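Everything on this sheet refers to the single structure shown next.
Just so it is clear, the model here is predicted, and its values are computed rather than measured. Quick note on labels: first sequence line is chain A, next is B, and so on, each numbered from 1.
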Number of protein chains: 2
Amino acid sequence: MADRTGQQLYAQAAELARALASPHRIALLEHVAQGERPVERLAALTGLSMANASQHLQHLRRAGLVLARREGKNVLYRLGEGPVVPLLAALRAQVAHTHAEVMALVTGGENGMGAVETVSRDELLSRLRDETVLLLDVRPEEEFAQGHLPGAVNVPLDALEKRLAELPRDREVIAYCRGPYCMLSLDAALLLQREGLAASRLSDGFPDWKAAGLPVERLN
Amino acid sequence: MADRTGQQLYAQAAELARALASPHRIALLEHVAQGERPVERLAALTGLSMANASQHLQHLRRAGLVLARREGKNVLYRLGEGPVVPLLAALRAQVAHTHAEVMALVTGGENGMGAVETVSRDELLSRLRDETVLLLDVRPEEEFAQGHLPGAVNVPLDALEKRLAELPRDREVIAYCRGPYCMLSLDAALLLQREGLAASRLSDGFPDWKAAGLPVERLN
DNA sequence: CAATCAATCAATAAAACAATTGAATGTTTA
DNA sequence: TAAACATTCAATTGTTTTATTGATTGATTG
């Protein structure tokens, strides 16, 4: 009797892992983690056909990793209830450990241009207190509107080069985006460094911040 | 360029998840988490044929979840280097959340006999300080010998009923075993409760304790 | 109420996976 | 060096996944 229960748990864990066992579904999940999105947009963001995206999303839904609700003719998907973000973080952590090369790339490494330092959440919190830093959200405007870290300034990466003048030169810039997967903040920090600013990036992104229960600001 | 890297990470995360996407591999991993084991034994523990177990283990090895070394004519498998235990814990946490019924079963619930309380690691640490509890390892002797929590007393579940007299009646017993998956400590606590002792169980097991960097005792 | 749009369903063909069998490898023991 | 042993490899079969296509459902708009 004791072992039957164990078997059942193994099966459930495996089923859950199977739901994550597709690059497309991981990508969808990462996008859903940014906030509620209709299928159409998720399909566009991931380069999948509607039908295919829909099926993958339903696979995720069956596993409890995402939830869906209807609004008008759209079906909006959002993250599931459980500790989904920590689960994704654990996956990433293991990936980062086994594929150390990737980590080297993310932190800048040896590629000529200066390495980009990574700032942890705790570090960020203490640094924000002395007002010596500018917190920069480099995600698209719309994602920023749906929620961002308190006090963050939004300059999407696309617009960063043209809007450089808006940034103060006497404060260090800490950029963040969607999470460790997302390269927006890395590209932003590299660009800023080329322009002579002191720039680093937050080690994880908005979804992780929100999942940690830290305060979030929204536009209206 | 930014996105190609993202794609690559998605693919690696998915590959990792795929390695976990089989009940047999989860089971193998849980057994490997108890300590180094030769293929033959892992096969026996999971009820798989040698060849099949071997192939699953190699799948896990390719994913970096386990490592292998040769000793004599045996090949011993052990846990991989990265944060594998936290990853398994994250999987379990999500499973526990979505399948709440299972959690109800594990905590005893409504099944007539009294519920079994679950003690967290922190709780255990503070309770151990006042010496009012007996820490009971109910895993087989051999696993106990390979490593156990400091101060724990080993009485394998099989032998528990016959060796009840060894347990002090004036202290609360906290049982533990291999982890949240493992039902040994639950069965032990239920048995002890039937016999009139105050018994509860540690929420996770030995591998989690070890992975948390807490001190471990060994025989010899 | 017909037309439109987002999303899902259903069916298919191609690709990936799992368990089994028997042969091959590498180590120890006789 | 031959025999025994634990493990891995290779080939096979049956079963799941996957992406695609076209039809269908539900909800809005004219």
Side-chain angles (χ1 to χ4, degrees), chain A residues 7 10-29 31-32 35-80 142, chain B residues 7 10-32 35-78 80 142:
Chain A
Q7 304 286 44
Y10 295 156
Q12 288 166 348
E15 205 183 336
L16 176 58
R18 170 158 284 136
L20 296 168
S22 148
H24 294 322
R25 285 197 291 271
I26 296 269
L28 285 167
L29 211 41
H31 285 291
V32 167
E36 271 192 328
R37 302 261 182 282
V39 179
E40 191 180 29
R41 192 118 95 68
L42 291 168
L45 286 166
T46 52
L48 297 172
S49 72
M50 276 281 280
N52 202 5
S54 172
Q55 291 187 172
H56 279 301
L57 286 167
Q58 280 168 70
H59 198 153
L60 291 172
R61 199 165 62 82
R62 259 174 266 132
L65 290 167
V66 302
L67 295 170
R69 77 185 170 90
R70 179 142 218 156
E71 189 180 273
K73 38 185 171 186
N74 291 319
V75 172
L76 302 179
Y77 278 86
R78 64 183 188 283
L79 270 199
E142 192 203 315
Chain B
Q7 305 285 47
Y10 295 156
Q12 288 166 346
E15 206 183 337
L16 177 58
R18 170 157 284 136
L20 296 168
S22 147
H24 293 324
R25 286 196 292 271
I26 296 269
L28 284 167
L29 209 42
E30 291 283 335
H31 286 290
V32 167
E36 270 191 331
R37 301 261 182 284
V39 179
E40 191 180 29
R41 192 116 93 70
L42 291 168
L45 286 166
T46 52
L48 296 173
S49 73
M50 277 281 281
N52 201 6
S54 173
Q55 292 189 170
H56 279 302
L57 286 167
Q58 279 170 69
H59 197 153
L60 291 171
R61 200 165 62 83
R62 260 173 265 133
L65 290 167
V66 301
L67 295 171
R69 77 186 170 89
R70 178 144 218 153
E71 189 181 273
K73 38 185 169 186
N74 291 318
V75 173
L76 301 178
Y77 279 86
R78 63 183 188 283
E142 193 201 314

So the contacted stretch of DNA chain D, first to last nucleotide with an atom under 4.0 Å from a non-hydrogen atom of chain A, runs from D:dT17 to D:dT28
Quick one: ring pair (Phe, Tyr, Trp, His ring centres under 6.0 Å) partners of B:H24, sequence neighbours excluded?
B:H56
Which one of A:L79, A:L57, A:L20 satisfies the side chain to side chain contact (heavy atoms under 4.5 Å, CB included) criterion with A:L65?
A:L20
Value rounded to 0.5 Å, distance of OG1 in B:T46 from CD in B:E30:
12.5 Å
Just wondering, do B:Y77 and B:L67 contact through their side chains at under 4.5 Å, heavy atoms?
no
d(CG, B:L48; C1', C:dA18) in whole Å
11 Å
pair_partner(D:dG30), Watson-Crick or wobble, both distances < 3.5 Å, evaluates to C:dC1
For B:H56 and C:dA16, give me the distance from atom NE2 to atom P, rounded to whole Å.
18 Å
Do B:R69 and B:E36 have side chains that get closer than 4.5 Å, going by heavy atoms?
yes
If the sugar-phosphate is the primed atoms plus P, OP1 and OP2 and the base is the rest, what is the B/S/- string for nucleotides 5-15 of chain C, using protein heavy atoms under 4.0 Å?
BSBBBB-----
Do NZ/NE/NH1/NH2 and the carboxylate oxygens of B:R41 and B:E142 come within less than 4.0 Å?
yes
According to a strict under-4.0 Å criterion, is B:H59 in side-chain N/O contact with OP1 or OP2 of C:dC17?
no
With a 3.5 Å cut-off and no angle check, do the side chains of B:H31 and B:R37 form a donor-acceptor pair?
no
Go ahead and name the base partner of C:dG26; Watson-Crick or wobble counts if both distances stay under 3.5 Å, otherwise write none.
D:dC5
Looking at side-chain heavy atoms only, is the closest gap between B:N74 and B:V39 below 4.5 Å?
no
